[in-house]
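Keep in mind that this is a model prediction, so the values were computed, not measured.
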Amino acid sequence: MTYMDKPLISIIIPVYNALLYIEKCLESCISQTYKNIEIIVVNDGSTDSSKSIIEKYLKKDARILLVNQPNLGVNVARERAFGLAKGNYVFFLDSDDYISTNTIEILYGKLIENEVDFVECSYNIIDNNKLKIVNSKEGVDFSVDYWNCFFYRFSIWGILLKKTLLENVYFENIPMGEDALLKANIVSNSEKFMLVNIPLYYYVKHRGSLSNLEKIQSVENGILFVSAIQKFFCIHENMNSELKFVLQYTLMQRIGSYYKYLGFNVKHPFLINVLYENLLVNKRMINFLIWHDKLLLLKNIILYVYLRLFANE
């Protein structure tokens with residue numbers, strides 16, 4: 001049996017100003033032991049030399065497809081690549097990360113052997129040239145139970161999935177938290193999944209402090225994320241209760257992270273309503289935070305009081 005007899009798997013890589021990382025990323029793809037792959041790279045309006053590096057690899061490996069577009073955002077890039085993907089299986093890879101050479105082979109083998117809809121591996125964090133392994137439990141389970149324990153991640157990298165899981169799904173184009181909604185759709189549209197405790201993915205962490213302007217933009221982006229989650233609740237009124245709770249918890253995390261930058265004295269009635277509906281009248285959330293994250297609970301209560309009493313209209 002030649003490698004062409006195996007199913008085609010599509011690796012999707014959105015790229016924006018990844019000059020320092022894209023070469024290692026692409027090398028890890030073309031070196032895969034599973035050979036029947038296509039590598040769809042979407043250059044999302046990069047202003048550095050990323051495009052030139054990718055074009056060099058086009059000559060090196062015919063399995064690479066380059067798509068250029070203006071800077072429209074990572075999820076627009078992913079959605080465009082997803083629409084072009086010819087494989088029955090899809091693997092998302094961020095342009096500043098890379099994977100082990102046997103990643104696709106191992107994940108595909110596990111997916112077929114265990115008859116699951118997606119398989120997710122553990123991963124490595126590269127932080128300031130130091131490596132940290134993030135392990136996961138190993139095993140097969142029904143997707144409705146994916147959210148029962150808080151042992152998961154909302155990122156969509158490091159997952160091999162059936163392409164059908166994201167067909168007819170809108171790739172929400174928000175500046176942050178876009179992975180959360182895609183992951184929610186992946187799990188919701190599947191029946192069974194598998195976690196593999198093999199660290200095949202290398203997540204490269206970037207350091208750097210935020211400027212004041214970036215902090216304000218983070219607040220605004222966080223509000224867009226909260227809005228997208230609220231819209232998701234409206235569209236999926238009968239969603240799995242555990243998934244809804246997890247997304248509500250994610251809302252609390254996002255809002256709690258930005259409260260100290262809300263000093264531009266805007267009342268934000270939208271955030272008031274979100275905090276009221278997902279925290280103050282949610283007994284399960286309050287009990288969970290009391291036992292697991294008192295600081296987050298306190299932050300959001302303070303924010304609610306501040307917005308109600310002290311912020312300007």
Side-chain angles (χ1 to χ4, degrees), residues 6-7 9-12 34 78 82 85 87-93 99 103-123 133-172 177-201 203 228-253 278 282-285 287-288 291-292:
K6 294 183 177 181
I9 293 177
S10 303
I11 300 177
I12 291 176
Y34 188 101
R78 284 172 176 161
F82 186 82
N88 292 325
Y89 305 93
V90 172
F91 183 88
F92 292 99
L93 174 60
I99 53 178
T103 297
I104 300 300
E105 183 174 13
I106 289 176
L107 295 184
Y108 175 71
K110 296 288 187 180
L111 187 147
I112 297 302
E113 177 186 351
N114 294 279
E115 299 180 333
V116 295
D117 296 310
F118 73 90
V119 58
E120 179 175 331
C121 65
S122 56
Y123 61 101
I133 299 175
V134 180
N135 290 304
S136 69
K137 67 178 183 179
E138 176 109 16
V140 177
D141 211 337
F142 289 100
S143 296
V144 292
D145 297 320
Y146 185 82
W147 314 104
N148 285 341
C149 66
F150 277 64
F151 194 90
Y152 61 85
R153 63 177 186 266
F154 265 130
S155 53
I156 62 169
W157 44 256
I159 302 173
L160 181 67
L161 61 132
K162 291 180 178 178
K163 189 184 179 189
T164 52
L165 299 182
L166 285 178
E167 288 177 349
N168 303 315
V169 168
Y170 176 63
F171 286 53
E172 191 78 43
E178 67 283 339
D179 280 17
L181 293 176
L182 280 181
K183 187 65 171 289
N185 277 294
I186 289 171
V187 178
S188 298
N189 293 336
S190 65
E191 292 184 4
K192 285 200 305 181
F193 72 97
M194 182 177 189
L195 296 178
V196 178
N197 191 26
I198 306 175
L200 300 169
Y201 193 98
Y203 170 74
I229 294 291
Q230 289 293 98
K231 184 172 70 174
F232 188 82
F233 287 160
C234 294
I235 295 173
H236 303 275
E237 293 181 359
N238 299 318
M239 76 173 68
N240 177 282
S241 61
E242 295 300 327
L243 168 58
K244 184 168 184 178
F245 181 73
V246 166
L247 289 174
Q248 288 174 322
Y249 177 62
T250 304
L251 286 180
M252 295 306 100
Q253 289 178 309
N278 297 285
N282 187 337
K283 291 182 180 179
R284 182 182 177 186
M285 181 63 66
N287 288 334
F288 178 83
W291 286 101
H292 297 282

Inset, instruction - For Asn282 and Phe288, run side-chain contact (heavy atoms from CB on, under 4.5 Å): C-alpha distance rounded to whole Å, both residues' side-chain angles, the deciding distance at 0.1 Å, then the answer. - result: CA-CA 10 Å; Asn282 187 337; Phe288 178 83; over 6 Å; no

Inset, instruction - For a side chain to side chain contact (heavy atoms under 4.5 Å, CB included) with Leu161, tell me which candidate from Leu166, Val187, Asp117 qualifies. - result: Leu166

Legend entry - side chain to side chain contact (heavy atoms under 4.5 Å, CB included) partners for Thr164, two or more places apart: Lys162, Glu167

Inset, instruction - Report yes or no: does Lys163 contribute a side-chain atom to a donor-acceptor pair with the main-chain N or O of Gly87 at less than 3.5 Å? - result: no

Inset, instruction - Might you point out which heavy atoms bring Ser136 and Val196 nearest each other, and give the distance in Å? - result: OG-O, 3.6 Å

Inset, instruction - Look up atom SG in Cys121 and atom CE in Met194, then write down how far apart they are to the nearest 0.5 Å. - result: 11.5 Å

Legend entry - Centroid separation Trp147 to Phe154 less than 6.0 Å: yes

Legend entry - Gap between atom OG of Ser122 and atom CG of Leu200 - 0.5 Å precision: 6.5 Å

Inset, instruction - Indicate the ring-plane relationship of Phe193 and Tyr146, choosing parallel, tilted or perpendicular according to the 30° and 60° boundaries. - result: perpendicular

Legend entry - Heavy-atom pair of closest approach, residues Tyr108 and Pro7: OH-CG, 3.1 Å

Legend entry - Ile198 side, atom CD1; Leu107 side, atom CG - distance, nearest 0.5 Å: 8.0 Å

Legend entry - Stepwise side-chain contact (heavy atoms from CB on, under 4.5 Å) check, Val134 with Arg153: CA-CA 11 Å; Val134 180; Arg153 63 177 186 266; over 6 Å; no

Legend entry - Between CG on residue Leu160 and CD1 on residue Ile106, distance to nearest 0.5 Å: 12.0 Å

Inset, instruction - For the pair Phe92 and Phe82, name the ring-plane relationship: parallel under 30°, tilted 30 to 60°, perpendicular over 60°. - result: parallel

Inset, instruction - For residues Lys110 and Val116, report the shortest heavy-atom separation together with the two atoms involved. - result: O-CG2, 4.5 Å

Inset, instruction - Could you grab the distance from atom CE of Met252 to atom CG of Leu247, nearest 0.5 Å is fine? - result: 11.0 Å

Inset, instruction - Using the side chain to side chain contact (heavy atoms under 4.5 Å, CB included) rule, pick out the option among Leu165, Asp179, Val169, Leu181 that qualifies with Ile186. - result: Leu165

Inset, instruction - Provide the closest heavy-atom pair for Phe142 versus Lys192 in the form atom of the first, atom of the second, distance. - result: CD2-CG, 3.7 Å

Inset, instruction - Nearest 0.5 Å please: distance from the CD1 atom of Ile159 over to the CD atom of Glu120. - result: 4.0 Å

Inset, instruction - Could you tell me whether the side chain of Ile229 reaches within less than 4.5 Å of the side chain of Thr250, counting heavy atoms only? - result: no

May I have the list of side-chain donor-acceptor pairs in residues 230-239 shorter than 3.5 Å, sequence neighbours left out?
{"residue": "Gln230", "atom": "OE1", "partner": "Asn278", "partner atom": "ND2", "Å": "3.4"}
{"residue": "Lys231", "atom": "NZ", "partner": "Glu172", "partner atom": "OE2", "Å": "3.2"}

Legend entry - Nearest non-hydrogen partners of Asp141 and Asp145, listed with the distance: OD1-OD2, 3.4 Å

Inset, instruction - Using a 4.5 Å cut-off on heavy atoms from C-beta on, say whether the side chain of Ile104 contacts that of Ile11. - result: yes

Inset, instruction - If the plane angle is over 60° it's perpendicular, under 30° parallel, otherwise tilted; pick one for Tyr123 and Trp157. - result: perpendicular

Inset, instruction - Would you check if Ile156 and Phe118 make a side-chain contact, meaning some heavy-atom pair closer than 4.5 Å? - result: no

Inset, instruction - Could you check if a side-chain atom of Arg78 sits within less than 4.5 angstrom of a side-chain atom of Glu178, using non-hydrogen atoms only? - result: yes

